[in-house]
Amino acid sequence: MKVLVIGNGGREHALAWRIRQSPQVREVLVAPGNAGTAFEPGMRNAPVAPTDIDGLLALARQERVDLTVVGPEAPLSLGIVDRFQASGLRCFGPTQAAAQLEASKAFTKAFLERHRIPTAQYRVFTDLDSAKAYVRDRGAPIVVKADGLAAGKGVVVAQSVAEAESALDAMLGGDSVGAAGHRVVIEDFLAGEEASYIVIADGTNYIALATSQDHKRRDDGDLGPNTGGMGAYSPAPVVTAAVDAQVRREIIEPTLAAMRAEGHPFVGFLYAGLMIHHGRASVLEYNVRCGDPETQPIMLRLKSDVIELYQAAIDGRLSQVACAWDPRSAVGVVLAAEGYPGPVRKGDPIGGLSVTQLPEVKVFHAGTRLRDGVATTDGGRVLTVCALGDTLLAARRLAYQRVESIQWPGMFCRRDIGVRGLVNSSA
Ligand code: AMP
Ligand code: GLY
């Protein structure tokens, strides 16, 4: 088989790497990919942007691709799956209608409320004055969210009414995240601990992937600005067996059933961002794709043939397949470029990539680019250094050991990835 993976992040490198290991796969094309996917044996980059649906269709036809796997949300919300299917091409992911679970927070909140799926109480506004009046009435802390896709920049967790009001000024009154912020969701602040719960779904059935936890703030101790994610580990002990059962029963199963009942059966990766408080989970958000960086440690632990999972999901027979996980823990540490999550310095050659790799260690690329055969920095999140270990502690140690050998000017990372897992598992 020839498989096309769409995207250029660490998530896509990890997805493509696992796909390439399937005995059924001869070659993996990545559009547009990065230096890491360019280096992998049996993998090739194709210079087509993830939002260029016509270009991707032409590529898939020309290369006679057997299966396309979509990494990021943007092409999904543009309807890439509908377009590929209409052309008779196999493409894994939700349709445009199903992708609304990520593309519109107002749609998702109304959906969750309608189906009594646990989530924070909320209201939707397009008018600045009434939004401010609601915030003053409700008090702080309170959360202001742009309705549309805002590449992780559309959420403000306001500690004071003034902070919420200035977020509203920037979104509704101004243009801080463009049209995505001209309608906002204001929701109650939820206390607790976050976890990522990702399932692969075929419209009716699903298989839960291994649990994980992301670290969204830039600095150690969960301080500093929000980022796309500075590291992740799997499994996440905060998702106990009891929490897992509640998430399936009260969140995942009713969501899939309701999407089906409303005429948009969900096929693809459904990612529930959870807030867990006193052993009960609520939905903070849905994503209609895998998480980045959660995918990197999760793929390290996946033992089954991932092609079987994609094929079964597309064909609606996930109930007939099983999924095996490495019992060990996996940790992924993001190495970022100076300036991230703001504008970053680019173009620095990355040192230390060619160090002999242990089988338990894998360096996934994200914002990298090949220049004259050398991997150079080309984005905010540059690499995710991953390792497996018999314990979370051992996996962390190995990952950070590998981090030590990598360098470029201005590189930084968090030093405490996985620390909450250590606290929870010893508690
Ligand atoms: P989202 O893009 O909706 O996941 O929001 C980004 C981050 O904001 C989440 O990962 C949480 O850390 C935080 N957040 C979002 N909604 C809430 C909420 N209702 N209560 C507390 N924190 C939240
Ligand atoms: N790591 C968070 C996300 O992928 O949305």
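As the structure lists them, so they are numbered: ligands from 1, and atoms in each ligand from 1. Sequence positions, counted from 1, serve as the residue numbers for this chain.
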- Query: Quick one: does D188 get within less than 4.0 Å of ligand 1, heavy atoms only?
  - Reply: yes
Under a 4.0 angstrom heavy-atom cut-off, which atoms of ligand 1 come close to [X]?
X: V157; result: 8 (O), 13 (C), 14 (N)
X: F189; result: 20 (N), 21 (C)
X: K216; result: 10 (O)
X: E187; result: 16 (N), 17 (C), 18 (C), 19 (N)

Residue pair [X] / [Y], side-chain heavy-atom distance below 4.5 Å:
X: L383; Y: F364; answer: no
X: D169; Y: L128; answer: yes
X: V334; Y: Q296; answer: no
X: L335; Y: W408; answer: yes
X: V238; Y: Q213; answer: yes
X: L209; Y: F269; answer: yes
X: E250; Y: P118; answer: yes
X: E360; Y: R328; answer: yes

- Using non-hydrogen atoms of the residue, decide whether G229 is closer than 4.0 angstrom to ligand 2. no
- Message: If we only consider heavy atoms of A232, is any one of them less than 4.0 Å away from an atom in ligand 2?
- Response: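 No; A232 lies far enough from ligand 2 that no heavy-atom distance drops under 4.0 Å.
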- Message: I want to know if ligand 1 touches K145 in the polar sense, i.e. an N/O pair below 3.5 angstrom.
- Response: yes
- Under 3.5 Å, N or O to N or O, is V155 touching ligand 1 that way?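 No.
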Given [options], which one has a non-hydrogen atom that is nearest to [atom]?
atom: atom 20 (N) of ligand 1; options: V185, L190, T119; answer: L190
atom: atom 1 (N) of ligand 2; options: V334, D214, N287, I198; answer: D214
atom: atom 17 (C) of ligand 1; options: N287, L284, D214, I142; answer: L284
atom: atom 4 (O) of ligand 1; options: K105, M275, E285; answer: E285

- Pull out every atom of ligand 2 sitting under 4.0 Å from any heavy atom of G228, numbered as shown with elements. 1 (N), 2 (C)
- Message: List ligand 2 atoms under 4.0 Å from G291, heavy atoms only on the residue side.
- Response: 4 (O)
- Mind telling me whether F39 and H365 have parallel, tilted or perpendicular rings, with 30° and 60° as the class edges?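 Ring orientation of H365 relative to F39: perpendicular.
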- Centroid-centroid under 6.0 Å between F266 and Y206 rings: no
- Item | Side-chain (D202) to main-chain (L318) donor-acceptor, under 3.5 angstrom |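 Yes; judged by distance alone, with no hydrogens or angles, the pair exists.
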- Query: What part of V143, side chain from CB on, backbone N/CA/C/O, both or neither, has a heavy atom under 4.0 Å from ligand 1?
  - Reply: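 Contact part for V143 vs ligand 1: side chain (C-beta onward).
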- Query: Does the ring-ring contact (aromatic ring centres under 6.0 Å, His included) test come out yes or no for F125 and Y134, once each step is laid out?
  - Reply: CA-CA 9 Å; F125 294 93; Y134 180 72; 5.3 Å; yes
- Task: Indicate yes or no: does an N/O atom of D292 lie under 3.5 Å from an N/O atom of ligand 2?
- Result: yes
- Tell me which protein heavy atom sits closest to atom 3 (C) of ligand 2, plus the residue, atom name and distance to 0.1 Å. R289 NH1, 3.6 Å
- Side chain, backbone, both or neither: R11 near ligand 2, heavy atoms under 4.0 Å: neither
